[in-house]
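Everything on this sheet refers to the single structure shown next.
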Amino acid sequence: MKNTISHRVADFLKDFPPFSFLHQKDLEKLSEQISIVYKDKDAVIFAENDKTHDSFYVVHKGAVALKKNQKNNVLDMCDEGDIFGLRPLLAQENYIMEAVAYEETILYAIPIAVFRPYALENRTVGNFLIESYASNTRNPYSDIHKDKLYGDDIVHDQLHSNKDSFDLQPIKYSKKIVTCSPSTTARDIAKIMNKKKVGAILIVDEMLPIGIITDKDLRNKIVTGDFSIMTTAETIMTKPVITYPKKMTVTEAQMAMMKSNISHLCLTKDGTTNTKAVGILSKHDVMVALGNNPAVLIKALKRAKKPKEIKPIRARIMQLLQGYLDQNIPMTLISKIITELNEACTTRVIEMCIEKMSSPPPVKFAWLALGSQGRSEQMLHTDQDNAIVYENVSEVFREETKVYFLKFASLVNKGLFDIGYDYCPAEMMASNPKWCMSLDEWKDKVHHWITNPGKNEVLLSFIFFDYSLTYGDAEVTNELSDFIFENIKANPIFYVHLVSGALQSPSPTGFFRQFLVEQDGANKDNFDIKRRALMPLTDAARVLILSHSVKGISNTAERFEKLAELEPNNSELYLSCSYSFKALLKFRTKQGLLHNDSGQFIALESLSKMEKIKLKRTFKTIKELQELISVRFNVSNVV
């Protein structure tokens, strides 16, 4: 006879992680050991510093508030399907927070002793619990409790379990080896290589490789006249030939060529010169195997002659981005690589447009990337935000200089549009005279923003304070940066207005941690991850880093990491913010690639329970961060 209660428990749990990762039979067996606990409103489930229970908990119905310290601040609100009280599973310490029933609540108590074997045997289950535990300690960025369930080898195992990561696939090599004897003349060697259409020839003696001659050897030794065309191979060959076994990965081949500064590898049966050659591998073979490797894409960009030739390269960059996300490569590394590639695309368009102009730039100038691109956070195809600042000129040449750069900027903006960057709806582009000015004009504009901080001025300053140099003269940019910091320092009230602007971003969740969605318009009922989650972190990081007069760091995650160094007492919060921002950016990027859009608006019904939990986990720091800047800059006193 079936235990109907345990089957109901299993039927409920199967829809929520980590129980959704278990086999149905295991879940049913586990459910037989689960206790059902009823709690009245305001009932304490466990108190701060209580000894740990024998079970952790899942909310079946109702809600549980997690609180800490005498202030009774609610750190988190657990609702249907959420787990809490994981401390006894991962740390032999008393509870560090209080769990209270926010309303009438029914809980499932999962016995630790019964559940532990499932967590140890199923790494997906264990990883989810580790992440959940870390987030309940508020700082999922911290390594304090990392890998406690399995041991220190978990990260190593995870990295090596993904055989496709970092180009670890086997390399394809040419088995059609072209060879000659040591006595073959350079002239005959050139004829053979030309006929066979190869870039290298192996010199063999009794079937064993003893040297190699490449196109480069012929150029440097024969064409220069250092040796006659009748010189024998043994005189001009490179020896001993560098050999490797035929079972090489792409990365190993690439590293071998870099290490020895050579363009060809000889592959033998055992990897030594004591066995017959079975193949030859050229640098071209490696590059082809790498496909969308960043180095390959950079070379392709340099060869492009027209903007339209860059568009397919940008498509390959998106493929590379998707591959990196699929391989779960850290977001910090992904951001750096994709940013470099995006900047290379922009730089190539700028170079093309300079060539199109009737004359070179009349003075030094700088092309600035603004907004998300300036912060190295633009992963997807979004609209343009850019500006030009150029050297001051005398009154006589002022107008013609302005005309030149506006014409140039129009070409660049058109070129960027052609490769996939939409025009900015607000026209915050260098082709707009308001965003294409001399250094003195920019100084006047920035001074006005700082000394007259109205709503529009604060919004404009937000965009402009995140700029980075894409192309041109760094001295012009540095002088403007110095001017900005001097003016901010002289006008501390400006911080208050920046903070007020930063606090305008709407909250990501309401009570009971439900997502707050758009109420009307084209994106009705969708969640705006940009305005409700990313912008609060971005705006706060900007204000805080400016208050420390730190220049040269515009990336939001890097700003928080620097702030953690500058303010050790707040380091846990800042590192948590850095982690959360990268997680949110990764989530938005994945959604954008999935739906072929900017990833800004998310249909919540398309998300799994686990995805929603992961999103909510990143929201915990936003409220505390906004409270910190509100108190620090005394926003309540703003006129």
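Since this is a predicted model, take the numbers as computed values, not measurements.
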Donor-acceptor contact below 3.5 Å, side chain D217 vs main chain I236: no

Looking only at atom types and distance, does a side-chain atom of S554 sit under 3.5 Å from a main-chain N or O of G374, one as donor and one as acceptor? yes

Salt bridge check, K306 against E309: does any charged N sit closer than 4.0 Å to a carboxylate O? no

By the definition side chain to side chain contact (heavy atoms under 4.5 Å, CB included), identify the one residue from I280, V198, I189 that meets it with V178. V198

Ignoring hydrogens and geometry, is there a side-chain-to-backbone donor-acceptor pair from N413 to S431 under 3.5 Å? yes

Would you say CZ of F485 has more than 12 non-hydrogen atoms from neighbouring residues, nucleotides or ligands within 6.0 angstrom? yes

Validation row, ring centre Y579 to ring centre F560 under 6.0 Å: no

Do other residues, nucleotides or ligands put more than 12 heavy atoms under 6.0 Å from K336 NZ? no

Does D473 reach the main-chain N or O of V476 with its side chain, forming a donor-acceptor pair under 3.5 Å? yes

Main chain of R531, side chain of D528: is a donor-acceptor contact present, judged purely on distance under 3.5 Å? yes

Crowded around D226 CG? As in, over 12 foreign heavy atoms under 6.0 Å? yes

Please determine whether side-chain hydrogen bond (donor to acceptor under 3.5 Å, both in side chains) holds for the pair Y574 and E567, giving the CA-CA distance in whole Å, both sets of side-chain angles, and the decisive distance to 0.1 Å. CA-CA 9 Å; Y574 291 145; E567 300 179 29; 2.8 Å; yes

Are side-chain N/O atoms of S481 and Y467 paired as donor and acceptor at under 3.5 Å? yes

May I ask you to say whether R559 pairs ionically with D466, meaning some side-chain N is under 4.0 Å from a carboxylate O? yes

With under 30° as parallel and over 60° as perpendicular, where do the rings of F465 and F494 fit, or are they tilted in between? perpendicular

Out of M379, K586, E377, which residue meets the side chain to side chain contact (heavy atoms under 4.5 Å, CB included) rule with S335? M379

Qualifying residue, where the test is side chain to side chain contact (heavy atoms under 4.5 Å, CB included) with V543 and the options are L503, V496, L498: L498

